[in-house]
Amino acid sequence: MIHGEIHLHVRQYINGRWETSATTGVSANPSDTSEVVAEYARADRRQAEAAIRAATEAFPHWSHSTPQRRADVLDRIGAELLARKDELGLLLAREEGKTLPEAVAEVARAGQIFKFFAGEAIRGGAGGGGGENVASVRAGVQVDVTREPVGVVGLITPWNSPFVIPAWKIAPALAHGNSVVFKPAELVPACGWVLAEIISRAALPAGAFNLVMGSGREVGQALVDSALVDALSFTGSVANGERILQIAAARRAKVQLETGGKNALVVLADADLDRAVDCAVQGAYFSAGQRCTASSRLIVEAPVHDAFVAKLRQRLKALKIGHALERGIDIGPVADEERLAQNLAWVGIAREEGAEHVWGGEALERATRGHYMSPALFLAKPSHRIAREEVFGPLACVLRADDYDEALALCNDTPFGLCAGICTNSLKHAMHFRRHAVVGMTMVNLPTAGVDFHVPFGGRKGSGYGPREQGRHAAEFYTTVKTGYMLA
Ligand code: NAD
């Protein structure tokens, strides 16, 4: 049981052992910066390389484990996450700043993901079900197509969803028989550690799962550079993703990137306006807008533009921003001082470019010293930087469209392509939008943020690269296909 008020001392998990490092770092509570959440060992390149070697040595053993064994391991991890969701949600809210209900829901979802992949280990995992027996075009020959684990996978994750993003990489990696080196983001070491601690008690062979906490430049880069790492799954910024892709592709490692978003929510004149405002508030501002699926572009058809903006402004005025553990809070702080400064700089850029300010965008003071800001709304032009670049904070802009065709064109006029939503009562427009929005995920009369755990997640264009994550499709990345021919 992790108590809220005591800070944790967390270490690396390498080859089945807990290790200290030469240097340490701390994570602080973004709702109250006087509170240290964890003091953590900061791995160096040497430790990252030791973790990679351990994973390499464990691979033959783990990759030949039975589907039942893998299912049991994953089921145990999932069950513990679900049983401890309130306690671990508290830790997540303290370290990352999500409100407590959001944080508890995230831990529960991480548990459900492990449970889902426990089933996948048997249903469709490497060595499990899901292979194909195919008739050969030649007489007397039998053909089968099977899936095998890829090898050692390096998993590099961002700070904004420190349970669920690691879960949706670690669970399929292990389910399909790969060994893992996991590097969480530096802002959230305690969340990474607690997940590793649960995994460490789930009867995996030593080295099949390793945790290395440290900087992206040193520890993350060691995973990217190592010839022993067969596949890299990265979620984070576009710039880092592109760098990783170039290096990893040059040595022919398998790469999967989930990078930024500039997701649109289209509101047509026939929409239920209250529902549309609800979708906008949840999608753009909850979790302080720090979600890759946040709807940061609200594209509104001209006849309802002014009414939508007025209603949204009223809702933003009523939102409660405060300490992530306070009851009744809608939005917690942003993750750290640097993000707050960046968000405020974006507000400045929006004003300088001539976007019309509607609401918010100011730093707020609360009883505790934290990184609080009011949700910001601007009326923008498609050429404005706040309408084109990812902010990753509680800032959205409204773009006016004359009709559905212009709304769809604006929606697709972006270098990103993660998800897009539409609020409408027209089946014709909903169906057309689902087909023509150039994204990985579409939403009709739902917020752009908030997805199921058993179906593919991911985007197109600047938002993603490689096969999708989650659900059965995760097998595309975490396995490799083998075709076997035999004379009957
Ligand atoms: P980031 O790119 O700064 O860091 C992500 C991870 O990469 C961290 O663990 C970091 O330490 C590591 N890293 C940094 N440099 C590295 C290097 N040279 N080699 C290897 N690893 C390195 O991103 P962030 O600020 O932590 O996260 C915010 C970004 O993540 C946003 O752009 C957001 O859109 C994106 N994101 C995307 C999704 C998605 O699924 N599409 C989900 C959540 C967040």
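Keep in mind it's a predicted model, so treat the numbers as computed, not measured. Atoms within a ligand are numbered from 1 in the order they appear, just like the ligands themselves.
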Within ligand 1, which atoms have a heavy atom of [X] less than 4.0 Å away?
| X | value |
| --- | --- |
| F457 | 40 (O) |
| G260 | 34 (O) |
| N160 | 43 (C), 44 (C) |
| I165 | 42 (C), 43 (C) |
| R339 | 25 (O) |
| E390 | 31 (C), 32 (O), 33 (C), 34 (O) |
| T235 | 5 (C), 36 (N), 37 (C), 38 (C), 39 (C), 40 (O), 42 (C), 43 (C), 44 (C) |
| Q221 | 17 (C), 18 (N), 19 (N), 20 (C) |

For this session: Return the set of residues passing salt bridge (charged side-chain N to carboxylate O under 4.0 Å, His left out) with K115 (not counting sequence neighbours), or none when no residue passes.
Result: D75

Exercise. Roughly how far, to the nearest 0.5 Å, is the CG atom of L223 from the CD1 atom of I244?
Worked result: 9.0 Å

Exercise. What distance separates T56 OG1 from E49 CD, expressed to the nearest 0.5 Å?
Worked result: 11.0 Å

For this session: Show the numbers, then the answer: is there a side-chain hydrogen bond (donor to acceptor under 3.5 Å, both in side chains) between W168 and Q470?
Result: CA-CA 6 Å; W168 81 47; Q470 300 198 61; over 6 Å; no

Scan the side chains in residues 276-286 for donor-acceptor partners under 3.5 Å anywhere in the protein, sequence neighbours excluded, and list what turns up.
| unit_1 | atom_1 | unit_2 | atom_2 | d |
| --- | --- | --- | --- | --- |
| D278 | OD1 | R315 | NH1 | 2.9 |
| Y285 | OH | A376 | O | 2.9 |

Quick one about [Y] and [X] (side-chain donor to acceptor, distance below 3.5 Å, no hydrogens or angles considered), yes or no?
| X | Y | answer |
| --- | --- | --- |
| T99 | E102 | yes |
| K262 | S463 | no |
| E186 | S215 | no |
| K169 | S233 | yes |

Closest non-hydrogen protein atom to [atom], residue and atom name please, with distance?
| atom | result |
| --- | --- |
| atom 17 (C) of ligand 1 | G216 O, 3.4 Å |
| atom 29 (C) of ligand 1 | G236 C, 3.5 Å |
| atom 24 (P) of ligand 1 | W159 NE1, 3.4 Å |
| atom 27 (O) of ligand 1 | P158 CB, 3.3 Å |
| atom 23 (O) of ligand 1 | S237 N, 3.4 Å |
| atom 8 (C) of ligand 1 | T157 O, 3.3 Å |
| atom 11 (O) of ligand 1 | K183 NZ, 3.0 Å |
| atom 42 (C) of ligand 1 | C292 SG, 2.8 Å |

Exercise. For ligand 1, which part of P184 has a heavy atom less than 4.0 Å away: the side chain, the backbone, both, or neither?
Worked result: backbone

Seminar exercise, completed: Quick look: F392 vs ligand 1, heavy-atom contacts under 4.0 Å, and the answer is side chain

Exercise. Given the rule in the salt bridge (charged side-chain N to carboxylate O under 4.0 Å, His left out) test, do R94 and E35 qualify, once you have shown the distances and angles that lead to the verdict?
Worked result: CA-CA 9 Å; R94 285 173 61 223; E35 184 192 327; 2.6 Å; yes

Ligand 1 contacted by [X] (non-hydrogen, < 4.0 Å):
| X | value |
| --- | --- |
| Q470 | no |
| G241 | no |
| R243 | no |

For this session: Check the surroundings of atom CD in Q342: do more than 12 heavy atoms from other residues, nucleotides or ligands lie under 6.0 Å from it?
Result: yes

Exercise. More than 12 non-hydrogen atoms from neighbouring residues, nucleotides or ligands closer than 6.0 Å to NE2 on H454, yes or no?
Worked result: no

Problem set entry | Option nearest atom 3 (O) of ligand 1 (shortest heavy-atom distance, choices I156, V224, N240) | N240

For this session: Out of L155, T259, L257, V238, indicate the one that has the non-hydrogen atom closest to atom 37 (C) of ligand 1.
Result: T259

For this session: Verify, without hydrogens or angle tests, whether T157 (side chain) and I165 (backbone) share a donor-acceptor contact under 3.5 angstrom.
Result: no

Exercise. Between W159 and F392, does the ring centre distance come in under 6.0 Å?
Worked result: yes

